[in-house]
Peer 1: 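Please see the structure below; I have some questions.
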Number of protein chains: 2
Amino acid sequence: MTTRTRRRADAERSIARIVAAARELLGRDPAATIDEIAAAAGVGRMTLYGHFRNRVELVEAALTDALAEGERTLSAVDLDGDPADALDRLLASSWALVGESSSLLTAAQDVLPPGRVRQLHGAPAARLEDLVRRGQRAGTFRTDLPIGWLVSAVHHLLHGAAEEVRAGRLDAADVAAVVTASVQSLLRPPPAPQK
Amino acid sequence: MTTRTRRRADAERSIARIVAAARELLGRDPAATIDEIAAAAGVGRMTLYGHFRNRVELVEAALTDALAEGERTLSAVDLDGDPADALDRLLASSWALVGESSSLLTAAQDVLPPGRVRQLHGAPAARLEDLVRRGQRAGTFRTDLPIGWLVSAVHHLLHGAAEEVRAGRLDAADVAAVVTASVQSLLRPPPAPQK
DNA sequence: GTTAACTCGTATATTCCCGTACGAGCTAAG
DNA sequence: CTTAGCTCGTACGGGAATATACGAGTTAAC
């Protein structure tokens, strides 16, 4: 599976640079042009088309790469022990990833077939979901809301925070603390028998 | 201010239908075409151009109209009494509005000059912010996070919920309860001196 | 050092959408 | 009923972006 028809080393390098550029530009602007990406990668547009037939293929490659890196980072996080603490650790590691690729997701939503994005996103979502479930069993997290919503809500809070930072309305230094405090509140069991 | 150069009744009707169509289509797809909007409004494209010189004017009109309706609805909400209860009432009324215009906001962000959207959005944001502030003084809402973030976070949760509903992952019947529970948790003061 | 792979420029076709121009026909308003 | 406003089709021009075609030059791999 390493080489299917044989690929030269320079091609490998070009591809890597293109994907990196795509991640960077699409991560900031979901409408980034193929020209711009090729230029940022330091290759001609034609080279890019030599490796990715479509914009679709390119976007999918960028997203896949970002998610793969995410997997690598997140799989190193220790999720044992107190679920709330584990959540803090998971969020701390997730934060940077989400911030960098926030609009890459939008780009993918625009171009990829419906559901594809969520499908590719399966692993990280499952990781969070497992943790939430464990916390629920331990009584640390709430059980009164659908778990799918809890996971989505965390997602939306992360992306929202990224947006606020980009817009300059939230200080990048504070964001980690703000996000963890918000998410912890969201997952904490509500007090009392809520009337 | 009723008639500045005089406008015929049929023109008035056309404009109203165009704006309504724009709100509906742009509320679902921020990339909706002028052709599509004209068709949905039951008028020719040229008629549309007769009333709105460019896409920008059209989008702004749609957003302004949506916000005006929002103002009308929300200003009827009683925000007195216990802040938490008032928040519930405000969310109940806000929900539908946000859901219908969720991607209209995106369309506006794409086309309008930076900051314009937020400027137009001032009133509803201020309403929520005032309520939160009052709740903070009363000790009902947390004070450990920037108020701007709290307001934004509520926003993101609302939009996120709208997205989940559209994707069929959240039942439209449950969403109101889910959203209010989530937002209340987010605004409730955290327990203890958190370690 | 020969071959196959890769790079990459120019040119061109296509598609999509915006916005304008012109003009004929309809309709509300007085 | 007259006029001014409105409707709306067709046609055109322009810009931006995607994608293809051709071909010459370069470079890694064996």
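Lettering follows sequence order; numbering is per chain, from 1.
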Peer 1: Compare side-chain N and O positions of B:Ser14 against OP1 and OP2 of D:dT7 and report whether any pair is under 4.0 Å apart.
Peer 2: yes
Peer 1: For A:Gly44 and B:Met46, find the nucleotide of DNA chain C closest to each by heavy atoms; which residue's nucleotide sits nearer the 5' end?
Peer 2: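 Its nearest nucleotide lies further toward 5', so the answer is A:Gly44.
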Peer 1: Would you indicate which nucleotide in C:dG19, C:dA28, D:dA19 comes nearest to any side-chain atom of B:Ile34?
Peer 2: C:dG19
Peer 1: Nearest 0.5 Å please: distance from the CD atom of A:Glu100 over to the CH2 atom of A:Trp95.
Peer 2: 10.0 Å
Peer 1: So if you build clusters from Ile, Leu, Val, Met, Phe, Trp, Tyr with side-chain heavy-atom gaps below 4.5 Å, do B:Leu187 and A:Trp149 land together?
Peer 2: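 Per the 4.5 Å side-chain linkage, B:Leu187 and A:Trp149 are co-clustered.
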Peer 1: Take the protein atom CZ of A:Arg53 and the nucleotide atom P of D:dT20, then report the distance between them rounded to whole Å.
Peer 2: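 In whole Å, D:dT20 P lies 8 Å from A:Arg53 CZ.
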Peer 1: Strictly under 6.0 Å, is that where the ring centroids of A:His159 and B:His159 end up?
Peer 2: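 Judged by ring-centre distance (under 6.0 Å), A:His159 and B:His159 do not meet the cut-off.
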Peer 1: In whole Å, I'd like the distance from the CG atom of B:Leu48 to the P atom of C:dC18.
Peer 2: 10 Å
Peer 1: Taking for each residue the nucleotide of DNA chain C bearing the nearest heavy atom, is the 5' side occupied by B:Glu36 or by B:Arg13?
Peer 2: B:Glu36
Peer 1: Please pick, from D:dT7, C:dA29, D:dT20, the nucleotide with the shortest atom-to-atom distance to any side-chain atom of B:Ala9.
Peer 2: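 Closest nucleotide to the B:Ala9 side chain: C:dA29.
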Peer 1: Which of the following nucleotides, C:dC18, C:dG9, C:dT7, is nearest to the side chain of A:Thr47?
Peer 2: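 Between C:dC18, C:dG9, C:dT7, the one nearest the side chain of A:Thr47 would be C:dT7.
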Peer 1: I need the CG-P distance between A:Asp35 and D:dA19, as an integer number of Å.
Peer 2: 11 Å
Peer 1: Rounded to the nearest Å, what distance is computed from the CZ atom of residue A:Arg45 to the P atom of nucleotide C:dT12?
Peer 2: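 For the pair A:Arg45 CZ and C:dT12 P, the rounded distance is 14 Å.
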Peer 1: Just compare D:dA28, C:dT7, C:dC18 and give me whichever is closest to any side-chain atom of A:Arg8.
Peer 2: D:dA28
